[in-house]
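Data block below; observations after.
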Amino acid sequence: MTIFHKTDSEDLQKKPLLVHVYGAYGMDLKMNFRPERRVLVDDGWILAYCHVRGGGELGLQWHADGRLTKKLHGLADLEACIKTLHGQGFSQPSLTALTAFSAGGVLVGALCNFNPDLLRAVTLEAPFLDVLNTMMDTTLPLTLEELEEWGNPSSDEKHKNYIKRYCPYQNIKPQHYPAIHITAYENDERVPLKGIVNYTEKLKEAIAEHAKNTGEGYQSPNIILDIQPGGNHVIEDSHKKITAQIKFLYEELGLDNTSVFENLKKYLKF
């Protein structure tokens, strides 16, 4: 893990935490400078980058240990990272948010299904959430070249059953989920919008079913799907998108956002 926070921060257990993850294709998790991340650190947030198996941080074997029928290793790593952060005094579940882009959405969606109590809120951008149905549709432009990462569920029963174990869409169930904000793109060829919409609808149904069986006073989590026109998996850092995501995090974690938007204006030049 790589962790950033202000050096003069006191009582880190009471600070909000934003965890980043990717863990696919042998690619390193991007930690490049972004103005909004600087603003969050200035406002007291802890930023944690989890370099889980499936990424490329420790070479080819690190990638191999988190692909195909070892994809669950990346989920185990992500869960262990968050538990370790909390155990070492970095924030707590009620102040913890998780963010990911594209294939990182697989691990985030899986964690929301299997251990949602670790998190309070999630932001996803163009997330890959319906692995099984996408990989079985060979008419999609990128399915064939993705087989080496996820497996071939159409011809390999072992791959099919393994994907079913972690696929975010396949494992949605009636339970309490963290609040989730998804930004999707209308013309995205890499992550079809249909899969994201289906995931969101199924998730809302499971949450409603859980709420019915929980009794009065239960507050269902906010599930927001923001569909942007165009896109095609090219992420444009628009002011509107960044503001919406940060506003969502502050509201869900119950934080005062007065100063953060003033600082954002300086960096983003509204």
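All values below were derived from every heavy atom in this structure, side-chain atoms included, with hydrogens, water molecules and symmetry-related copies excluded. Residues: numbered from 1 along the sequence shown.
Under the side-chain contact (heavy atoms from CB on, under 4.5 Å) test applied with Leu225, the options Leu203, Leu193, Thr200 reduce to a single match, Thr200. Evaluated for a side-chain hydrogen bond (donor to acceptor under 3.5 Å, both in side chains) with Tyr250, the options Asp43, Thr258, Asp256 yield exactly one hit, Asp43. None of Arg190, Gln228, Glu125 except one satisfies the side-chain hydrogen bond (donor to acceptor under 3.5 Å, both in side chains) rule with Tyr185; the exception is Glu125.
His181 and Phe248 have tilted rings, their planes meeting at an angle from 30° to 60° on a 0 to 90° scale. Note: Tyr49 and Phe4 have perpendicular aromatic rings, judged against thresholds of 30 and 60 degrees for the angle between ring planes. Taking the six-membered ring for Trp and thresholds of 30 and 60 degrees, Tyr218 and His210 have ring planes more than 60 degrees apart, a perpendicular arrangement.
Sorted by first and then second residue, the pairs that involve residues 12-32 and meet salt bridge (Lys or Arg N to Asp or Glu O under 4.0 Å), not counting sequence neighbours, are Asp11-Lys14. Residue pairs meeting the salt bridge (Lys or Arg N to Asp or Glu O under 4.0 Å) criterion with at least one member in residues 199-214, sequence neighbours excluded, do not occur. Within the structure, salt bridge (Lys or Arg N to Asp or Glu O under 4.0 Å) contacts touching residues 111-120 (residues at least two apart or in different chains) are Arg120-Glu252. Listed by first and then second residue, the salt bridge (Lys or Arg N to Asp or Glu O under 4.0 Å) pairs that reach into residues 173-185 come to none, sequence neighbours excluded. Residues in residues 157-170 take part in no side chain to side chain donor-acceptor pair (under 3.5 Å) pair, two or more places apart or across chains.
Remark: His63 engages Glu149 in a side chain to side chain donor-acceptor pair (under 3.5 Å) (not counting sequence neighbours). Partners of Lys247 under the side chain to side chain donor-acceptor pair (under 3.5 Å) rule, at least two apart in sequence or in another chain, are Glu251. Listed by chain and residue number, nothing satisfies the side chain to side chain donor-acceptor pair (under 3.5 Å) test with Thr138 (two or more places apart in sequence, or in another chain). Taking Glu57 as the reference, nothing meets the salt bridge (charged side-chain N to carboxylate O under 4.0 Å, His left out) condition, with sequence neighbours excluded. Shown here are the side chain to side chain donor-acceptor pair (under 3.5 Å) partners of Asn171, two or more places apart in sequence or in another chain: there are none.
Residues His176 and Pro116 have side chains not in contact (no heavy-atom distance under 4.5 Å, counting atoms from C-beta outward). Under the 4.5 Å side-chain criterion, counting only non-hydrogen atoms from C-beta, Thr84 is in contact with Met1.
The OG1 atom of Thr183 lies 10.5 Å from the NZ atom of Lys240; values are rounded to the nearest 0.5 Å.
The existence of a salt bridge linking Lys241 and Glu36 is excluded, since no basic side-chain nitrogen approaches an acidic carboxylate oxygen closer than 4.0 Å.
Here Leu68 sits alone; no ILVMFWY side chain lies under 4.5 Å from its own, so it joins no hydrophobic cluster. Grouping Ile, Leu, Val, Met, Phe, Trp and Tyr by side-chain contacts under 4.5 Å, direct or through others, puts Trp62 with Leu58.
Scanning both residues, Cys112 and Gln175, for their nearest heavy atoms gives O-NE2, 3.3 Å.
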